[in-house]
Protein chains: 2
Amino acid sequence: MSSAAAVLERTELPAEPEKRIRDRAATERAILDAAKGLLAEEGFQNFGINAVARRAGCDKQLIYRYYGGLDGLVETIGADLGSWVKERIPEDSGGMFLLTYGDLMERLALLYLDALRSDPLMRRIVAWEVSENTEQVRRLSEARSKALSQWLERMRGSLPAPKGIDTPAVNAVLIAAIQHLVLAAAIGGQCAGISLKTQKDWDKAATALKRIVRGVYG
Amino acid sequence: MSSAAAVLERTELPAEPEKRIRDRAATERAILDAAKGLLAEEGFQNFGINAVARRAGCDKQLIYRYYGGLDGLVETIGADLGSWVKERIPEDSGGMFLLTYGDLMERLALLYLDALRSDPLMRRIVAWEVSENTEQVRRLSEARSKALSQWLERMRGSLPAPKGIDTPAVNAVLIAAIQHLVLAAAIGGQCAGISLKTQKDWDKAATALKRIVRGVYG
DNA sequence: GCTGCTACTCACCGGTCGGTGACAGGCTGG
DNA sequence: CCAGCCTGTCACCGACCGGTGAGTAGCAGC
């Protein structure tokens, strides 16, 4: 074992992440970013103290010190979900007037579909929610659903709900459908027999979704 | 350490599962049952060779020998899913005539909802499918979707599909909705803001589902 | 009784997990 | 200058993981 080999190995390592030296804020950020990235890329299966510390390039002890362990870290991620919503709320109505409840829900469904499709972290969190029933997941779930409902509320504005329809139940079914479609697609590229890989596939799914929304809400 | 203590401990153990002695078939069955039970009760998180062997009351070596490891065992579980369908297919039409495609899909949606609700193993498998993308899960997923599609096909009979509607896409959305509702309910007792605990909650969800089906298919 | 096969158990491997305590080095207030 | 704090490192713990090789109990045929 020559020192040359060691040097080679070192230089081969990808982008030695610029040693933070005694900069707590930067370290905390690195840990949080590592946690979010890891969760988004690997899922909750391999999400653990050791993995996060490895990815953040610091000692796991710091995670205990700064966040009080994995639970605190997850809670911090949950607290960030509020900002997720804010980033993704389109403030305008996309240039169209939402005259009816059907208009609103169609737009909302399609927006939510795209938002979830383009956000691996959120997808992993949703998958986590339906797979494990621990305290940390419950808290995360609560944060997510709160963020979502705020989003819905904001989109809804002052539009009156249609009479004679249990809108919360119907909307829950729609949301459930969207979430499951996106989860299944992200994992296996298909759901219940239809392929969900290309944009064309997604267009068909979106059309079906629109048809369903219009079917109930007109 | 007196032998009395050992005896006490032994008698305290729950239902010492009647030592199978050199009965390979029984051992194989015990392993398979343990695997299914463990998966249904604990989920895929803690599903491993050691846990299955512990529950089956035998050495994990036997799992390697008889099933070729966890993968083979999972595959065997998948093969059993066909029988799951057969057990749950109501051969009659529930005493009603299914005149339209809407009739069929409504009945099918409600049946699938109840079937999933009452089968923890199937729920865990669905949750697994949207959480992990390994070969074993893919195979399991394939077996499940095949069993499901056969079920649908059998229910459908010779009813013509409505024109002008992308029925596969619409049905996929419906199936997705059902699966996600049941998964979310089984974990947290709610989904997208509505509670899913009591039978009354489920009635409301079922009504919403019916309304949606009738909205698209008439 | 001996041989040989099958069913089965045990002990151990390397590795990773979450978690903790001790310690080194730099910065800061005095 | 030094004491004390803060940041970060390191070594280590017990538990569990999947996986393997060696060894043991029970039964058949001869």
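Below, chain A is the first sequence line, B the second, and so on; all start at residue 1.
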S.K.: If I take atom OH in residue Tyr67(B) and atom P in nucleotide dC8(C), what distance separates them, rounded to the nearest angstrom?
M.R.: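 Between P of dC8(C) and OH of Tyr67(B): 12 Å.
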
S.K.: So which nucleotide from dC8(C), dT7(D), dT20(D) ends up closest to the side chain of Arg65(A)?
M.R.: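 Nearest nucleotide to the side chain: dT7(D).
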
S.K.: Glu142(B): which residues meet the side-chain contact (heavy atoms from CB on, under 4.5 Å) condition with it, sequence neighbours left out?
M.R.: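 Glu142(B) satisfies side-chain contact (heavy atoms from CB on, under 4.5 Å) with no other residue.
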
S.K.: dA7(C), OP1 or OP2 - any side-chain N/O from Thr27(B) closer than 4.0 Å?
M.R.: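 For Thr27(B), the contact criterion (side-chain N or O under 4.0 Å from OP1 or OP2 of dA7(C)) is not met.
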
S.K.: Kindly say if Tyr66(B) contacts the phosphate of dA7(C), meaning a side-chain N or O under 4.0 Å from OP1 or OP2.
M.R.: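 It does not, given that no N or O in the side chain of Tyr66(B) lies less than 4.0 Å from OP1 or OP2 of dA7(C).
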
S.K.: Is Leu62(A) touching bases, backbone alone, or none of the nucleic acid, heavy atoms closer than 4.0 Å?
M.R.: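 Answer is base: heavy atoms of Leu62(A) come under 4.0 Å of a base.
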
S.K.: Whole Å only: how far is the OH atom of Tyr64(B) from the C1' atom of dC13(C)?
M.R.: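 Roughly 12 Å, once rounded to whole Å.
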
S.K.: Glu42(B) CD to dC16(D) C1': how many Å, rounded?
M.R.: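 It works out to 15 Å between those atoms.
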
S.K.: Can you tell me the distance, in whole Å, between the CD atom of Gln45(B) and the P atom of dG18(D)?
M.R.: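 Nearest whole value for this atom pair: 13 Å.
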
S.K.: Starting at atom CD of Gln61(A), determine the distance to atom P of dC17(C), rounded to an integer number of angstrom.
M.R.: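 To the nearest whole Å, that distance equals 17 Å.
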
S.K.: Taking Glu41(A) as the fixed residue, which of Arg124(A), Arg55(A), Lys36(A) is the one that meets the side-chain contact (heavy atoms from CB on, under 4.5 Å) rule?
M.R.: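 Exactly one pass, corresponding to Arg55(A).
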
S.K.: With a 4.0 Å cutoff (strictly under), does any side-chain N or O of Asn50(A) reach OP1 or OP2 of dT16(C)?
M.R.: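 For Asn50(A), the contact criterion (side-chain N or O under 4.0 Å from OP1 or OP2 of dT16(C)) is not met.
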
S.K.: Give every residue pair that meets the salt bridge (Lys or Arg N to Asp or Glu O under 4.0 Å) criterion with at least one member in residues 181-206 of chain A, sequence neighbours excluded.
M.R.: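 Qualifying pairs, neighbours excluded: none.
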
S.K.: Take atom CG of Asp71(A) and atom P of dG18(C), then tell me their distance rounded to the nearest Å.
M.R.: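 Interatomic distance, CG of Asp71(A) to P of dG18(C): 11 Å.
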
S.K.: Which whole-number value in Å describes the distance from Ile63(A) CD1 to dG19(C) P?
M.R.: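 Taking CD1 of Ile63(A) and P of dG19(C), I get 11 Å after rounding.
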
S.K.: From dT9(C), dG18(D), dC8(C), pick the nucleotide closest to the side chain of Lys60(B)?
M.R.: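 Given the options dT9(C), dG18(D), dC8(C), the side chain of Lys60(B) is closest to dG18(D).
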
S.K.: Checking side-chain polar atoms at under 3.5 Å, does Gln179(B) have a donor or acceptor matched by the opposite partner on Tyr112(B)?
M.R.: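 Checked: Gln179(B)/Tyr112(B) side chains pair up, N/O donor to acceptor below 3.5 Å.
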
S.K.: Looking at dT9(C), dG19(D), dT20(C), which one has an atom nearest to any side-chain atom of Asp59(B)?
M.R.: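 Nearest nucleotide to the side chain: dT9(C).
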
S.K.: Would one find a side-chain N or O of Arg54(A) under 4.0 angstrom from OP1 or OP2 of dC17(C)?
M.R.: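 For Arg54(A), the contact criterion (side-chain N or O under 4.0 Å from OP1 or OP2 of dC17(C)) is met.
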
S.K.: Go through the side-chain N and O atoms of Tyr64(A) and Asp59(A) and say whether any donor and acceptor fall under 3.5 Å apart.
M.R.: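 Absent: no donor and acceptor within the cut-off.
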
S.K.: Nearest whole Å is fine: how far is dA7(C) P from Arg24(B) CZ?
M.R.: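 Going from Arg24(B) (CZ) to dA7(C) (P), I get 5 Å.
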
